[in-house]
Protein chains: 2
Amino acid sequence: MSAEEPTIAEAVLNAGFDISTCPVRDVMDHIGGKWSSLLLLVLSTKPHRFGELKRAVPDISQRMLTQTLRDLQRDGYISRHVFATVPPSVEYRLTPLGESLMPALTALVAWAVDNHPRIAEARQTFDAA
Amino acid sequence: MSAEEPTIAEAVLNAGFDISTCPVRDVMDHIGGKWSSLLLLVLSTKPHRFGELKRAVPDISQRMLTQTLRDLQRDGYISRHVFATVPPSVEYRLTPLGESLMPALTALVAWAVDNHPRIAEARQTFDAA
DNA sequence: CAGCATCCGTCGCGATACTG
DNA sequence: CAGTATCGCGACGGATGCTG
């Protein structure tokens with residue numbers, strides 16, 4: 001049964017991918033957002049407060065930070081803890097589910113770092129024509 | 001030097017991530033597109049012609065198929081081979097660079113398949129409140 | 001400090017029609 | 001068969017100002 005075992009790609013493809021049930025779309029469409037992966041990466045080092053996240057990702061707007069954090073929370077990647085202090089503070093941290101995603105995500109990031117020069121080169125070559 | 005070795009996340013974060021140089025953004029922003037990962041997945045099984053890709057991903061528009069393929073080609077993930085037959089046929093296949101990406105990408109896909117139920121559950125819980 | 005509300009521009013993406 | 005061209009909408013996302 002090992003000789004003709006379908007690859008992961010084949011398995012997913014053969015399952016068909018209706019937009020409502022396809023895990024690839026459901027997951028990729030969310031962590032593929034403009035800020036999601038970056039925020040997950042930041043939170044993977046340690047829990048952060050709202051302001052810390054804003055400073056860690058300088059060019060994110062307050063609006064998108066709030067919205068992206070809520071989306072990540074909704075999907076169960078991160079948790080939100082409110083401390084009723086004065087002034088108030090809110091801490092965000094990865095959930096176990098979020099942590100379980102990190103190996104795969106960092107693998108992709110590591111690939112990106114390694115192959116970034118090659119991509120830049122490919123782009124130059126393509127644009128030259 | 002192994003005790004305090006920075007993680008991949010820390011390394012990327014400490015390097016700062018200007019929008020022009022950050023590999024995470026540069027790569028994620030592209031393969032995070034609506035169709036990119038799906039097409040790469042399809043092409044990872046074997047080379048496909050334009051029409052085959054269209055049938056393999058039924059709900060993609062011709063416009064987005066053309067555009068996404070061109071973007072993937074520009075970044076060096078796939079190559080395009082024209083056969084001057086009648087009628088004409090064009091074959092797309094992964095480049096070595098594209099193939100080198102697949103392990104990391106399929107790892108993410110595998111995670112998505114495994115944890116899809118958990119995400120759906122998290123969403124339900126969140127939306128209930 | 002940690003948001004929410006509003007306005008507004010950009011662009012991703014689909015639908016349709018046309019071409020070599 | 002494998003595209004290109006044009007149109008249009010809706011979502012994404014930035015800037016600004018207000019609140020508990």
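Order of the sequence lines sets the chain letters (A, B, ...), proteins ahead of strands, with each chain counted from 1.
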Short N/O separations, protein against nucleotides 1-5 of chain C, under 3.5 angstrom:
unit_1, atom_1, unit_2, atom_2, d
C:dC1, O3', A:R49, NH2, 3.0
C:dA2, OP1, A:R49, NE, 2.9
C:dA2, OP1, A:R49, NH2, 3.1
C:dA2, OP2, A:G51, N, 2.7
C:dG3, OP1, A:R80, NE, 3.4
C:dG3, OP1, A:R80, NH2, 2.3
C:dG3, OP2, A:Y92, OH, 2.6

Practice problem: Figure out the CD1/P separation between B:I60 and C:dC13, and round it to whole Å. | Solution: 9 Å
Quiz item: What are the two closest non-hydrogen atoms of B:L69 and B:I78, and how far apart are they?
Solution: O-CD1, 3.5 Å
Quiz item: Any idea which heavy atoms bring B:V113 and B:P117 closest together, and the distance?
Solution: O-CD, 4.0 Å
Are the side chains of [X] and [Y] in touch, meaning some heavy atoms are under 4.5 Å apart?
X      : Y      : result
B:Q62  : B:F50  : yes
A:N115 : B:S100 : yes
A:L53  : A:L39  : yes

Practice problem: Taking heavy atoms of chain A and a 4.0 Å limit, find me the 5'-most and 3'-most nucleotide of DNA chain D within that range. | Solution: D:dG13 to D:dG20
Quiz item: Side-chain heavy atoms under 4.5 angstrom apart, residues restricted to Ile, Leu, Val, Met, Phe, Trp, Tyr: same cluster for A:V82 and B:F126?
Solution: no
Exercise. For DNA chain C, find the residues of residues 22-46 of chain B with a heavy-atom distance under 4.0 Å and give them by number; none if there aren't any.
Key: B:K34, B:W35
Exercise. Find the distance between CD1 (A:I31) and CG (A:L38) and round it off to the nearest 0.5 Å.
Key: 12.5 Å
Practice problem: Keeping to residues at least two apart or across chains, list the salt bridge (Lys or Arg N to Asp or Glu O under 4.0 Å) pairs with something in residues 62-86 of chain A. | Solution: A:R74-B:D127, A:D75-B:R123
Exercise. Report the residues that fulfil salt bridge (Lys or Arg N to Asp or Glu O under 4.0 Å) with B:E91, sequence neighbours left out, ordered by chain and then residue number.
Key: B:R93
Exercise. Please name all residues satisfying salt bridge (Lys or Arg N to Asp or Glu O under 4.0 Å) with A:D18, sequence neighbours left out, ordered by chain then number.
Key: none
